**Q** 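Structure below; questions to follow.
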Amino acid sequence: MSLLSFASELVLILGGGIVFAISLGAGRGRPAARAAAVVALLNLGVCLASVTVQGDLFCHAYRVDAYSQLFKCFIALGLAAVVIFGSKLKDIREQIRPEYFFFLILGALGLTMLVSSVELISLFVALELSSYALYLLVPMRRERPGLRMQMESAAKYVMFGIVSTGFLLFGMSYLYGLTGSTYFNEIAPALAQRWHEPAALAGVILVVAALLFKLAAFPMHLWAPDVYQGASNETTAFIAAVPKLAAVAVLIRFLICAGPSSATLSLVLMAGSLGSMFFGNLAALVQKDAKRMLGYSSIAHAGYVLIGLVTLKAAGFAAAMFYIFGFVAMSLPAFLVICQVSKDGENVSIDDLSGLHKRNPMAAFIMGASMFALAGIPPFVGFIGKFLLLSEALRGGFVLLVVLAALNTAIGIYYYLTVVRVMYFADPGDRSDVRLDRGAAITGMALIAIVTLLGVVPGRLLQAAIDSVSKTILY
Amino acid sequence: MDVSWMHGHWPLLSVLIFLPLAGAFVLPLLRGDGPVKVWALAVTLITALLSIMLYTGFDATTASYQFSENLPWIPPLNINYALGVDGISLLLILLTTFLTPLCVLCSWRAIGTRVKEFMACILIMETSMLGVFMALDFVLFYIFWEAMLIPMFLLIGVWGGPRKIYASVKFFLYTLAGSVLLPVAVIALYLHSPGHTFSIPALMSQPYSATLQCWVFLAFFVAFAIKVPMFPFHTWLPAAHVEAPTAGSVLLASVLLKMGAYGFLRFCLPMTPLGVAAFGPYVLALSIAGIVYGGFTALAQSDMKRLVAYSSVAHMGFVTLGIFVLNVSGLEGAILQMINHGITTGALFLCVGMIYERTHSRELAKATGIGKIMPVYVTALTVFGLSSLAFPGTNSFVGEFLVLVGGFRYSMMLGLLAIPGVVLSAAYMYRMLQRIIWGGTSNPDTSYLHDLNWREIVTLAPLLVLVLWIGLAPAPFMNVIHVSVQRLLEQFHAGLVI
C-alpha cells in the first residue's frame, strides 16, 4: 500500500486534527481559517498528484482507482473553493468559527471516503461521517432576533437525513440477506442471479432512494430548498455542490453492482429525473431568495445528472460524471458571489443583486458566467455536459426523456436570465458597492476558467471519465 | 484527417474566427474610450481585409468545401473541429466581416457609456457569427449559434432604447427556446448515420427513414423559422430591432436573420429532403403570409426603425420563398437576396441611426422635409430605399427577380401571390422617402440638422457601392453561388428517391 493511495484522507484527518487543536483556544477564528485554507489547498494538490494511483485497502473494502481519484479531485476543489471564498464566515459566531472549519473538513473527509467505499458497511460509515458533520454546520449560523430559521433548517436536514439512513439500512439488509455479502463485487454476481425476486429490486431501490437524498433529487428533494435558505451562505455553497459528487460516485458504483440493465430500475430513475427537472425548474421560476432559487435549480440539475444514469450504460455514467464535475465548477461561483454580496451573512435576494455590474463588475461577470453556464449556454461546460447526457440517453432510446429534458432547459433559462438581467440592466438604487476579497476574486475567476475550459475542450476529462467507469465495471 | 493548412497553408478560417475574439481579450488592457474604438476598428478592418483572401482564393468551379480544417476535438463522441467554406457560406462570411467595421464606425458617437464592453460584445459577436457560417461540425456550429445570444442580449439590454429589458429578454428567450430541440434532432441523425458523426457534410444525403426526417425537419424548422423570423414567429423581431442600438440592429438584421435561412440551406434541404417535400408547401404559405403581413404592417408604422424591421419580415419571406421553391433560380435568388437584405437593411438601419443621433427620435414625423438641409444623407437614403423596394439597377432587383422566377416556375399561383409583396414594398418605402425628403418641416429650428460628416459618409459608402455593383453587374457574386446550389439541389433530389 503506497502512502499516496490514502494521502488525501490522511491530509484531511491530520488537517482536521490541527484545526481542532486550534479550536481549543479562544478567539482563534482567523488562524483556523488560514489553517483550513492550507489544508484544503494541500489536499487539492495531493489529490491532483495521486490521480493515477491505484490500490485496494482495508480488506478490499476501500478501493482507490482512477474513478475515485477523479471524484476526490473535484471534492478537494469544492472544499478549497468554499474554504477560501468563505473564509470570513460572516454569519458564524466568532467563538465557534474554528469548530466550523473542523466540521467542514470532517465532512469533506467523509465524502472523500465515500467515493472509495466498495463495501456496504464502510459505505455506511463514510456516509454518516459526512452527513453528521454537515448536519452540524447548519445550526451554527448566527441567530437573528425573532427568527430561528437555521434551527428549522437543521431540524429538517437531520430528520430527512435520518429517514434516508433508515432507507439505506433497510435496503442494505435486503441485499445482504439475498447475497450473503457486503462487498459490491460479490453482491453483483449474486444479485444478478436473484434479480427476478422482488426483494432484490426493493433492496436496490431503497438504497438508491437514500442516495437520491444526498443528491437532492426527486422524490427525496424536499429538504433542499429549506436547508439552502436557512444555512449560512458558505454552508449552502458546500452542501449544494460537494456532497452531490459523492452521491453520484456511489450511485454509479451501486448501479453497476446492481447489475443487469433492468427496465424497472431505468423507469424508477427516469421518474426521479423527470420529477427533479420539472419540479426544480418550475419552482425556481418564482423564487425571490437567490439561495433558494439555486436550491431549486440544483434539484433540476440533479434531474439532468440522472438522465445519464437512466441508461445504465458505461457511456451514460461517464456523461453523468462529467456533468456533476461541471456542475460543481459552475454552481460554486454563484455561491461565491452571494457570499461576497451579503454584508454580514444575511440571505441575498435576487433584487439585492440589482446593478451589481456597476457595484462590482468582476462579481457581476463571475455570477453572469455561472448563470449562463448553469442555463446550458455554450461555450460553458453546462452546454456540452447536457449535450453529452442527451446523446447518451437518446442512444439508449429514451426519446421522451430527452425531449422533455430539452424543454426543461428552455424553462430553466428564464430564471437564470432574470439574475443576469437584474445584475446588468437594473439600477443599483441606494445599494452600496460590493468588495470582492482577493482570495474570492482569484477563486471565482479560476472557477470560471475551469467552467469555460471544460466547455471548450471537454475531451480529456470526458475520456478519463469513460476510462475510469469502464474499468470500474470490469472489476 | 484533412488538414490542408499543415501542408504550407495557414488556417485562414480559424484566424478569421478567432482574431476578433483575441481582439476582445486585449480590450481590458486599453485605457480611455478613444484607443478602445480605434483598436476595435483596426481588428475588424484587418478581419475584413483578410476575408478578401477567401474570395480571391475561392474556386468557384467546385462545390466541395474549401479552406477546410479538420482536427479531432472531442474524440469519445467523434466530434471534430471542422471548418470549411462553400458557395453558400462564402458571401455570408464576407457580408459579416464587412459589416462589422461599419458597426464599429456607426457607434463612434452613439455609444457614450461602457464603450469597452460594447466593443467587446461586437467583437465576440463577430467571432460567433463567422463561426456559424464556417462550422462544418454540428457541435461547433451549435456552440457558435448559441454563444452569440449572450453578447446580443447584452447589446440590446445595456445600450438599447427605453424598453430594452423587455426586448432583450424576449429576444433571448424566444430564440433560445426555439433552438433547444435542435441538438436533439441532430443527435437523432447522429445515431442513425452510418459513421456516427456530427460532421455536417457527412450527415447529408443519408437514407434516414421518412418518419425520422419529418420529425427532425420540424425540430429544425422551429429553430430556424424563429431565427429568420418567419411569420408567425416574428414577434421578437420588431421589439429587438427597435430597442437595440444601431450597431445591434444592423448585426441583427444583416447577419443574425440570415442564420435561419442558412440553416434551412445547410441542414433541412440536404439532410431531411423528405421532410422538406412533406412540409415545403406549408413553409411556402407562411412565406407568402410573411411577405404580405410584413408589407401591410410596415405601411402602418410611424417609427422608422419599426418600419424597416417589418420590411425585414417581408424581405425574409422572399428568401424563404426562394429556398422552398427548390429550383435553381429560386435558391440562387434566395442566397443573393440574403446578401442584398444584409446590405440594404443594414444601410437603412444605419441611416435611421444617423437621423436619431440628430433628432433623438425615430418618429417619421420628426424627420420630415430634410431634403434641402441634408442632401448627401437624403441621396444615400433614397438609393437604399429604392434598393429595398427592388428598383431595377439596384441589388435587390436581381435577387427578388430570381426568386419570383423561381416562384413562377414552381407554380403560377405562387408567383402571383408573391407579387403584392413587391407592390407593398414600393408603397411603404416611397411613403417614407416622400415624407423625409419633401414633407414639410415640423420644427422651424433646423440648426441641429447638419449633413453627414466624413465618418458617416465612409460608413455608408461601401454599402452604396455594393448596392449598385450587385445591381448592375451581379456576375462576380452569382458565379460563386452557382455550383454549390446545383450540388445542393442534386443532394435534395437524390434524397427524394431513397
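Order of the sequence lines sets the chain letters (A, B, ...), proteins ahead of strands, with each chain counted from 1. Computed from a predicted structure; not experimentally measured.
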**Q** Examine distances only and state if a side-chain atom of B/W73 and a backbone atom of A/V456 form a donor-acceptor pair shorter than 3.5 Å.
**A**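 Pair found, side chain donor or acceptor close to backbone of A/V456.
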**Q** Are there over 12 heavy-atom neighbours, none belonging to A/F365, within less than 6.0 Å of that residue's CZ?
**A**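 No, not enclosed.
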**Q** Between A/F425 and B/Y166 (judged by ring centroids, cut-off 6.0 Å), do the two rings come close enough to count as a pair?
**A**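 So the answer is no for these two rings.
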**Q** For B/S179, is it the side chain, the backbone, both, or neither that has a heavy atom closer than 4.5 Å to a heavy atom of chain A?
**A**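 Interface part for B/S179: neither.
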**Q** Rounded to the nearest 0.5 Å, what's the gap from OH on A/Y424 to CD on B/E117? Could you check?
**A**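 It is 8.0 Å, given to the nearest 0.5 Å.
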**Q** Do you know which of B/G157, B/P183, B/S168 has the most heavy-atom pairs with chain A at a distance under 4.5 angstrom?
**A**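 Option with the top pair count is B/G157.
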**Q** Are the side chains of B/Y142 and A/I384 in contact, using a 4.5 Å heavy-atom criterion?
**A**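 A side-chain contact under 4.5 Å is absent here.
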**Q** Which one, A/G376, A/G459, A/A315, A/A375, leads in non-hydrogen pairs under 4.5 Å with chain B?
**A**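 Winner by heavy-atom pair count: A/G459.
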**Q** The test is side-chain contact (heavy atoms from CB on, under 4.5 Å); show your working for A/F380 and B/I150 and say whether it passes.
**A** CA-CA 12 Å; A/F380 303 112; B/I150 301 175; 4.2 Å; yes
**Q** Minimum heavy-atom separation for A/A406 to B/V184, with atom names?
**A**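 Nearest pair, atom of A/A406 first, then B/V184: CB-CG2, 3.8 Å.
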**Q** If we define contacts as heavy-atom pairs under 4.5 Å, which of A/A410, A/P379, A/S391 has the most with chain B?
**A**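 It is A/S391.
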**Q** So which of A/V402, A/I377, A/L417 has the largest heavy-atom pair count under 4.5 angstrom toward chain B?
**A**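 Heavy-atom pairs under 4.5 Å are most numerous for A/L417.
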**Q** Only pairs of heavy atoms separated by less than 4.5 Å count here; which of B/G178, B/A177, B/S128, B/P76 has the most with chain A?
**A**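 With the most close heavy-atom pairs to chain A, the winner is B/P76.
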**Q** Run A/E392 and B/L77 through side-chain contact (heavy atoms from CB on, under 4.5 Å) and show every step you take.
**A** CA-CA 10 Å; A/E392 294 310 327; B/L77 276 182; 3.8 Å; yes
**Q** Of the backbone (N, CA, C, O) and the side chain (C-beta and beyond), which part of A/Y414 lies under 4.5 Å from a heavy atom of chain B, both, or neither?
**A**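 For A/Y414, heavy atoms of backbone and side chain both lie under 4.5 Å from chain B.
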**Q** Tell me if the aromatic rings of A/Y416 and B/F172 count as close, with their centers under 6.0 Å from one another.
**A**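 A/Y416 vs B/F172: aromatic centres not under 6.0 Å.
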**Q** By a 4.5 Å heavy-atom criterion (distance strictly below it), what part of B/A219 contacts chain A: side chain, backbone, both, or neither?
**A**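 For B/A219, there is no contact with chain A at all, as no heavy atom is under 4.5 Å.
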**Q** Side chain, backbone, both or neither: which part of B/Y174 has an atom under 4.5 Å from a heavy atom of chain A?
**A**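 For B/Y174, no heavy atom lies under 4.5 Å from chain A.
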**Q** Chain A: which of B/L149, B/L154, B/I74, B/I187 shares the most heavy-atom pairs with it under 4.5 Å?
**A**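 Highest number of heavy-atom pairs under 4.5 Å: B/I187.
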**Q** May I ask you to check whether over 12 heavy atoms, not counting those of B/W236, lie within 6.0 Å of atom CH2?
**A**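 Counting neighbours around CH2 of B/W236, more than 12 heavy atoms of other residues, nucleotides or ligands fall under 6.0 Å, so yes.
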**Q** Shorter than 4.5 Å, heavy atoms on both sides: which option in A/Q463, A/R421, A/H357, A/R460 has the most such pairs with chain B?
**A**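 When all of A/Q463, A/R421, A/H357, A/R460 are compared, A/H357 has the most.
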**Q** Are the side chains of B/Y190 and A/L394 in contact, using a 4.5 Å heavy-atom criterion?
**A**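 Counting from C-beta outward, A/L394 and B/Y190 never come under 4.5 Å.
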**Q** Among B/L191, B/V169, B/V186, B/V158, who wins on heavy-atom pairs under 4.5 Å with chain A?
**A**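 Max contact count across the listed options: B/L191.
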**Q** A quick test of your reading: do over 12 heavy atoms of other residues, nucleotides or ligands sit less than 6.0 Å from CZ of B/F25?
**A**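 No - once you tally the heavy atoms of other residues, nucleotides and ligands closer than 6.0 Å, there are 12 at most.
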